[in-house]
Amino acid sequence: GSVGAMVLALMNRSLTVDALQKAMEETSRLTIMVVFLLIGSTLFALVFRGFDGDIWIEGLLTGIPGGALGFLLVVNIVVFILGFFIDFFEIAFIIVPLIVPAAAILGVDLTWLGIVLAVNLQTSFLTPPFGFSLFYLRGVTPDDIPTTSIYKGVMPFICIQLVVLGALIWMAVPK
């Protein structure tokens, strides 16, 4: 990706040492942020497991009425709501390790669980009030298009994804 960006910048005659240095600094900042996020989530998980929090969560999730279907519904609702406020990294490194043992006990195929969670997060990131994808879209749309139009325009896609998410949850339930 970086080589492609440099080739495009070179073709547009905008590749300068200053631009390259700014891009490298911004990339370094972003990489450092992600690494510290991973360190923080790992420390949280270590402390949480040290106090047997993972065993408590496992017992809580495996005791949900409805078995695997109840588990999948509750987990998806929680992940969907968390997707409004936090991004993929926190969910992937804090929440997923807590739900995987319960899913395995309930017989949920972990591949299906990963697919369901990915579609769930994708849908959540499109949903107001804090849809991350909507903010990215707001950044590239012309100023004369109001944010409310973006919110209204994304509603059919959210509905479609919710239908797909329901079908995937049904597929993930062990038979």
Side-chain angles (χ1 to χ4, degrees), residues 1 30-139 147-175:
L30 184 61
T31 303
I32 289 168
M33 181 190 75
V34 169
V35 167
F36 273 106
L37 232 156
L38 295 176
I39 291 170
S41 65
T42 302
L43 287 174
F44 170 79
L46 180 66
V47 170
F48 195 73
R49 285 190 177 122
F51 287 109
D52 293 331
D54 57 336
I55 296 170
W56 181 76
I57 293 288
E58 182 181 299
L60 184 72
L61 292 175
T62 55
I64 293 173
L69 179 60
F71 163 80
L72 285 167
L73 291 174
V74 168
V75 164
N76 276 285
I77 290 169
V78 169
V79 169
F80 189 78
I81 292 170
L82 286 175
F84 292 165
F85 307 105
I86 59 178
D87 67 357
F88 168 75
F89 288 109
E90 287 92 354
I91 292 172
F93 287 98
I94 296 173
I95 303 301
V96 172
L98 295 175
I99 64 173
V100 165
I105 289 171
L106 292 169
V108 176
D109 185 347
L110 298 182
T111 304
W112 277 111
L113 179 65
I115 293 167
V116 166
L117 290 177
V119 172
N120 186 336
L121 286 172
Q122 178 183 352
T123 307
S124 178
F125 292 163
L126 282 175
T127 309
F130 301 109
F132 291 113
S133 296
L134 299 178
F135 284 113
Y136 302 143
L137 185 59
R138 172 76 267 172
T147 304
T148 54
S149 293
I150 294 173
Y151 284 176
K152 288 177 187 174
V154 79
M155 288 303 166
F157 296 100
I158 293 171
C159 292
I160 291 168
Q161 285 192 281
L162 287 173
V163 169
V164 169
L165 183 60
L168 287 173
I169 289 172
W170 185 252
M171 294 292 295
V173 175
K175 307 298 185 245

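We use all heavy atoms of the structure for the numbers below, so side chains are in, but hydrogens, waters and symmetry mates are not.
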Practice item. Look at the side chain of Asn120 and the backbone N and O of Asn76, then say whether any donor-acceptor pair between them is shorter than 3.5 Å. Key: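 Yes, Asn120 side chain to Asn76 backbone: donor-acceptor pair under 3.5 Å.
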
Check your understanding: Between Trp112 and Val173, is a side chain to side chain contact (heavy atoms under 4.5 Å, CB included) present by the stated rule, with each step listed?
Key -> CA-CA 9 Å; Trp112 277 111; Val173 175; over 6 Å; no

Nearest 0.5 Å please: distance from the [atom1] atom of [X] over to the [atom2] atom of [Y].
| X | Y | atom1 | atom2 | value |
| --- | --- | --- | --- | --- |
| Met155 | Ile150 | CE | CD1 | 12.0 Å |
| Ile57 | Thr62 | CD1 | OG1 | 11.0 Å |
| Lys175 | Asp109 | NZ | CG | 11.0 Å |
| Arg49 | Leu98 | CZ | CG | 7.0 Å |
| Thr31 | Phe36 | OG1 | CZ | 12.0 Å |
| Leu165 | Ser124 | CG | OG | 10.5 Å |

Non-hydrogen atoms of [X] and [Y] that approach each other most closely:
| X | Y | answer |
| --- | --- | --- |
| Ala102 | Leu61 | CB-CB, 3.7 Å |
| Ile158 | Leu126 | CD1-O, 3.4 Å |
| Gly83 | Leu121 | CA-CD2, 4.4 Å |
| Ile105 | Glu58 | CD1-OE2, 3.1 Å |
| Pro174 | Leu106 | CG-O, 3.6 Å |

Review point. Are side-chain heavy atoms of Val78 and Ile95 found at a separation under 4.5 Å?
Key: no

Point to revise | ring-ring contact (aromatic ring centres under 6.0 Å, His included) contacts in which one or both residues fall within residues 48-73, not counting sequence neighbours | key: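 Pairs touching residues 48-73 that pass the test: Phe44-Phe48.
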
Point to revise | Residues in ring-ring contact (aromatic ring centres under 6.0 Å, His included) contact with Phe93, at least two apart in sequence or another chain | key: none

Practice item. Starting from the C-alpha separation in whole Å, work towards a yes-or-no answer on side chain to side chain contact (heavy atoms under 4.5 Å, CB included) for Leu117 and Ile99. Key: CA-CA 11 Å; Leu117 290 177; Ile99 64 173; 3.7 Å; yes

Review point. When you look at Leu69 and Ile169, which way does the side chain to side chain contact (heavy atoms under 4.5 Å, CB included) test go after all the steps?
Key: CA-CA 8 Å; Leu69 179 60; Ile169 289 172; 4.1 Å; yes

